[in-house]
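Each remark here refers to the structure printed beneath this line.
First listed ligand is number 1; within each ligand, the first listed atom is number 1. Predicted, not measured: the structure shown is a model, and the values here were computed from it.
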Amino acid sequence: MKIYDFLIIGAGSAGCCMAYFLNKEGKSVALVDREGIAGGASGAAGAFLSPLPGQKNIYNSLVNDALNFSLDFYKALLAEAVDAKGVLRVTNDNFAQDKLAQNNIKYDYFDTQKLKNISDDFMNIDGYFYKNAAVIEPVQICKKLTEESDFYKKDIKELSFKDGFYIVDEIKAKNIILAQGVGKSLVEIPYMKISPIFGLRIDVKTTTKIPFNIHKSISISTNKQDGTVSVGATHERHDSTKMECISTCEKCAFYENSDQSQVQTLLKQADELIKLKDLEIVKIYKGARATIQSYFPVIGKAVDYEGSLEKYPSIKNGTKIPQESLKYYPNLYVINALGSRGFVFGPYLAKILTQNILHNEPIQKDIATQKLFYKMARK
Ligand SMILES: Cc1cc2nc3c(=O)[nH]c(=O)nc-3n(C[C@H](O)[C@H](O)[C@H](O)COP(=O)(O)OP(=O)(O)OC[C@H]3O[C@@H](n4cnc5c(N)ncnc54)[C@H](O)[C@@H]3O)c2cc1C
């Protein structure tokens, strides 16, 4: 039996980024996934990285801070998996001048004529160009992140904790990180209610030269280094109360039926932005984004909900109990609810969580497990 400092369950953007930062701190890591590396939502992602403009608030500040960190991080990690040519955000309600003025992200306005001068294939659109944006190759990135970890392909059904160690078959670990995306959590975390938002994206071949990523309700990438262009993604809510996500969307019968109509929707929306000549669909990807109601991601030590309320029943009536006094699952942490921005948030949040676990550095309260715990307990 091999003993590790950390066992990470889920090898998507969240789990792979955690593996990377823990390895960099000299920790040994076993990474487990039932599908393989980037076999869940992370393998389906575009994966576009772009700023969130609009009136400055806590959420878009978090996104934009994460973007700045993560883009530099990926370029240093694996430059050949990053196409950083910027993004044109085509005008919509979020771009009212007064909202933009309150946000410090730099942009250039491109009117229709300017876009036509760049390429005849642009439709009659205008928009705001942001330099700080990219499209990355998600599977290559995830594989690179995990080079120093041991990977095991396993479907973990339960956790057992004995004498200070978690034991899963031949793996023994002092600490656990749950990075399960939409998978059923291996411990009860009722305050982090994950809803899946399913999506489909396609890779196409086209003779059109696309100078930068284009985003309106969907995104079209620039011509990537492998010669394809990503177009995505759709957003579909499935009723997960009737059907638990136990595998990937590729294997989900319920999802299959809507493939063709979703591809048509994507192509129709793409057609309103730029003419994609000699179009050929190369591959369809499907996955489920994990979100919570507020759309914020969640990281931190997992609070034992029932145990904490049993210890301090008056929390329900609003008594303030400091977070250090709550009851926690031993050495067990979560990183989840990365939503539609898993590759923007991944490295940034993994760095913060690693610093928190190993060096006790604080986590911003908006994304901390404790915030959700108190919210539910006091309801
Ligand atoms: C179509 C689509 C397009 C997207 N486009 C973008 C984009 O352009 N930019 C962007 O930043 N984000 C995008 N996203 C979102 C992004 O993909 C997700 O936010 C991100 O992948 C989440 O990563 P994760 O590691 O939390 O989850 P996942 O990648 O889903 O990883 C969780 C893993 O846990 C494994 N697992 C769960 N339970 C168990 C268990 N019990 N035992 C073993 N393994 C288990 C699963 O097999 C899975 O591989 C997109 C998502 C989709 C679906």
When only distance counts, is Gln180 in polar contact with ligand 1, meaning an N/O pair under 3.5 Å? yes
For Ala179, is the nearest heavy atom under 4.0 Å from an atom of ligand 1? yes
Closest protein heavy atom to atom 15 (C) of ligand 1, given as residue, atom name and distance to 0.1 Å: Gly339 O, 3.2 Å
Is Asn336 reaching over with its side chain to a backbone N or O of Ala179, donor-acceptor style, under 3.5 angstrom? no
Output yes when Lys283 and Asp203 qualify as a salt bridge under the 4.0 Å nitrogen-oxygen rule, no when they do not. no
Suppose we measure from atom 4 (C) of ligand 1 to each protein heavy atom; which comes out shortest, and what is that distance? Ala45 CA, 3.4 Å
Below 4.0 angstrom from a heavy atom of Gly199, which ligand 1 atoms are there? Numbered from 1 as shown, please. 1 (C)
Show which atoms of ligand 1 fall inside a sub-4.0 Å distance from at least one heavy-atom site of Gly12. 25 (O), 29 (O), 31 (O)
Carboxylate-amine/guanidinium proximity below 4.0 Å for Lys275 and Asp120: no
Are any non-hydrogen side-chain atoms of Leu279 and Lys205 less than 4.5 angstrom apart? no
Return the closest protein heavy atom for atom 51 (C) of ligand 1 as residue, atom name and distance. Arg289 CG, 3.5 Å
Could you check whether any heavy atom of Lys286 sits closer than 4.0 Å to an atom of ligand 1, since that is the contact criterion I want to use? no
among protein heavy atoms, the one nearest atom 44 (N) of ligand 1 is Arg34 N, 3.1 Å
Is it the case that the side chain of Thr228 and the backbone of Val204 share a donor-acceptor pair, with hydrogens and angles ignored and the cut-off at 3.5 Å? no
Are any of the side-chain heavy atoms of Ile321 and Leu326 separated by less than 4.5 Å? yes
For the atom pair OG1 (Thr369) and OH (Tyr374), what is the distance rounded to the nearest 0.5 Å? 9.5 Å
What are the atoms of ligand 1, with element, lying closer than 4.0 Å to any heavy atom of Phe48? 7 (C), 8 (O), 9 (N), 10 (C), 11 (O)
Considering non-hydrogen atoms of the protein only, which is the closest contact for atom 5 (N) of ligand 1, and what is the distance? Gly46 N, 3.4 Å
Does Asn336 reach ligand 1 with a nitrogen or oxygen that is under 3.5 Å from one of the ligand's nitrogen or oxygen atoms? no
Roughly how far, to the nearest 0.5 Å, is CD of Glu170 from NZ of Lys2? 10.5 Å
With a 4.0 Å cut-off on N to O distance, would you call Glu306 and Lys311 a salt bridge? no
Strictly below 4.0 Å, N to O, side chains only: are Asp108 and Lys131 in salt-bridge contact? no
When you check the gap from the basic side-chain N to the acidic O, do Lys154 and Asp169 get nearer than 4.0 Å? yes
Quick check for you: to the nearest 0.5 Å, what is the distance between Ile176 atom CD1 and Leu332 atom CG? 6.0 Å
What is the closest protein heavy atom to atom 26 (O) of ligand 1, and at what distance does it sit? Ala14 CB, 3.8 Å
For atom 49 (O) of ligand 1, which candidate among Ile218, Val32, Asp33, Val135 holds the nearest heavy atom? Asp33
Under 3.5 Å between any N/O of Val182 and any N/O of ligand 1: does that happen in this structure? no
Where the closest heavy atom to atom 23 (O) of ligand 1 is concerned, which of Ser42, Ala44, Gly39, Ser221 has it? Ser42
Mind running side chain to side chain donor-acceptor pair (under 3.5 Å) on Gln355 and Glu25 for me, showing each step along the way? CA-CA 9 Å; Gln355 294 300 313; Glu25 291 264 359; 3.3 Å; yes
May I ask you to list the atoms of ligand 1 that are less than 4.0 angstrom from any heavy atom of Gly10? 33 (C), 34 (O), 35 (C)
Test your reading of the structure: does Leu186 have an N or O sitting under 3.5 Å from an N or O of ligand 1? no
Look at atom 11 (O) of ligand 1 and say which protein heavy atom is nearest, naming residue and atom and giving the distance to 0.1 Å. Phe343 N, 2.9 Å
Taking non-hydrogen atoms only, is Ser340 closer than 4.0 angstrom to ligand 1 via side chain, backbone, both or neither? backbone
Contact atoms of ligand 1, heavy-atom distance to Ala47 under 4.0 Å: 7 (C), 8 (O)
Going by the atom numbers of ligand 1, which of them fall below 4.0 Å from some non-hydrogen atom of Arg341? 10 (C), 11 (O), 12 (N)
For ligand 1, which part of Lys157 has a heavy atom less than 4.0 Å away: the side chain, the backbone, both, or neither? neither
I need the atoms of ligand 1 closer than 4.0 Å to a non-hydrogen atom of Lys154, numbered in the order shown. 42 (N), 43 (C)
Quick test: of every protein heavy atom, which one is nearest to atom 42 (N) of ligand 1, and how far off is it to 0.1 Å? Ile156 N, 3.0 Å
Value rounded to 0.5 Å, distance of CG in Leu62 from OH in Tyr295: 15.5 Å
So which of Ala41, Pro297, Ala337 gets nearest to atom 17 (O) of ligand 1, if we judge by its closest heavy atom? Ala41
Kindly indicate whether a cation-pi arrangement holds for Lys85 with Phe212, taking the cut-offs as under 6.0 Å to the six-membered ring centre and within 45° of the axis. no
Do any N/O atoms on Gly342 end up under 3.5 angstrom from N/O atoms on ligand 1? yes
Against heavy atoms of Glu35, which atoms of ligand 1 measure under 4.0 Å? 47 (O)
Just by distance, do the side chain of Asn23 and the backbone of Lys27 share a donor-acceptor pair under 3.5 Å? yes
